[in-house]
Amino acid sequence: RDTDRHARITGSALDLHTDSGLAALEAAGLMDAFWANHRPELDRLRLMNNQGEVLYDHKRSRTLRPEIERTPLRNLLLDSLQPGTVQWNRKFEGAREHPDGIQLQFADAETVVADLVIGADGANSRLRPLVTPERPSYAGVTLVEGVVPNAASAVPEVCALLGSSAIMGLGAQQTFGMATKTDGSILFYAGLKAPGDDAKESLERANTAVERAAWFHACFPEWAPMWAKLFISAESFAWRPLFTYPLHHRWDVKANVTLIGDAAHVIPPYAGEGVNMAMLDALVLSRQLAQQPDTRAAIAAYQDEMFSRMEPVAKETVSNTEMFYAPDAPTQIVALFKGFARRAADEAEPVSDLPN
């Protein structure tokens, strides 16, 4: 639905995993383009409490989970396609069964009949009702996304603390994540349990720095003033409730339509698996379609693999989400990341029993 490739304001950087996101890029012959655009400085994550005290500095594996911004990732994927492959400014409204396949309805009232439709249209998928009546449910947590332009001059003390790392603040059953962007801005996500619309509506009414600071102190009363400075200096906000699917959800096989990515299995971001599972979906489905002459059989094989793979991933994500918003989240999350570091060190150790 974007008017062109530059229309969307993208969010935080992504860490791509060896056996999923990177595997898809490898199969597409795009690893050189990936390494030319990845952000090695984001391999560090600083864990802090809500008072601004550093709890743990974590060094992530650059080879197992390297980081890349969403815009360069999108661009390298688009640049790999034949011209005209993507049709822009085509808002998809819905679909229905048709004697010749699947009829797609667009916002300009045009309809198109396709012989195969793969829904990659996100958590609010308009194609999903053709596949399953199940809808994602609210995960109990909302992220408030904010952008601070010219961060070095707007919030110099925060920039000094941030350095070349990303930061995750934890405490009072809330979170605050932030990282620098390549344009010198800071992108942050403040996470809170917001069951209704009161907090959203009051934030939308907060038009001045004083009003935004008051909103932050009302919703994050146990957090130190340093975090409020980001809200005061932010140029824009977005309200992003998180959604999830039932752990055991599946749908019947159709001969000419299926779903991938968030359209199929939206999950919160607390395992870093969303984009990786979407890219692995695409890899598995494309291979099945290329190898099998029967489209229904290819879709069936893909869905069997996807459902089996996603169930433990979704379970881990739900568990991690609960952990990040637990009363003792700082203790639990520090222990979690120290465990990651130990495992990475063990995997990196040379084999000691080789002959000299």
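Positions are given from 1, in the same order as the sequence printed here. What you see is a predicted model; the values in this text were computed from it and never measured.
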Please check if the side chain of [X] supplies one atom and the backbone of [Y] the other of a donor-acceptor pair under 3.5 Å.
{"X": "Asn150", "Y": "Ala154", "answer": "no"}
{"X": "Asp294", "Y": "Ala297", "answer": "yes"}
{"X": "Gln173", "Y": "Ala329", "answer": "no"}
{"X": "Asp2", "Y": "Arg5", "answer": "no"}

- Query: Is a side-chain donor-acceptor pair under 3.5 Å present for Glu273 with Thr317?
  - Reply: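 Judged by distance alone, the side chains do not pair up.
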- Query: Roughly how far apart are Ser12 OG and Met178 CE, rounded to 0.5 Å?
  - Reply: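 Those atoms lie 14.0 Å apart.
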- CZ-CE distance between Arg250 and Met310, expressed to the nearest 0.5 angstrom: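 Reported to 0.5 Å precision, the distance equals 11.5 Å.
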- Message: Taking the basic N atoms (NZ, or NE/NH1/NH2) and the acidic carboxylate oxygens, is any pair closer than 4.0 Å for Asp121 and Arg1?
- Response: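 Salt bridge: no.
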- Query: Is it true that Arg39 and Glu69 make a salt bridge, defined as a side-chain N closer than 4.0 Å to a carboxylate O?
  - Reply: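 A salt bridge is present here (some side-chain N lies under 4.0 Å from a carboxylate O).
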- Out of Val141, Thr321, Ile267, Val266, which one pairs with Thr244 under the side chain to side chain contact (heavy atoms under 4.5 Å, CB included) rule?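 Of the listed options, the one satisfying the test is Ile267.
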- Task: Applying side chain to side chain contact (heavy atoms under 4.5 Å, CB included) between Gln103 and each of Val117, Thr111, Val112, report the one that passes.
- Result: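 Answer after filtering Val117, Thr111, Val112: Thr111.
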- Message: Are Phe231 and Trp215 an aromatic pair, judged by ring center distance below 6.0 Å?
- Response: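 Between Trp215 and Phe231, the centre distance is under 6.0 Å.
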- Query: Do Leu242 and Val144 share a hydrophobic cluster (ILVMFWY, side-chain heavy atoms under 4.5 Å, transitive)?
  - Reply: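 The answer is no; the residues belong to distinct hydrophobic clusters.
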- Would Glu305 and Arg287 count as a salt bridge (charged side-chain N to carboxylate O under 4.0 Å, His left out) if you check the C-alpha gap in whole Å, the side-chain angles of each, and the deciding distance to 0.1 Å? CA-CA 12 Å; Glu305 188 279 340; Arg287 283 176 170 167; over 6 Å; no
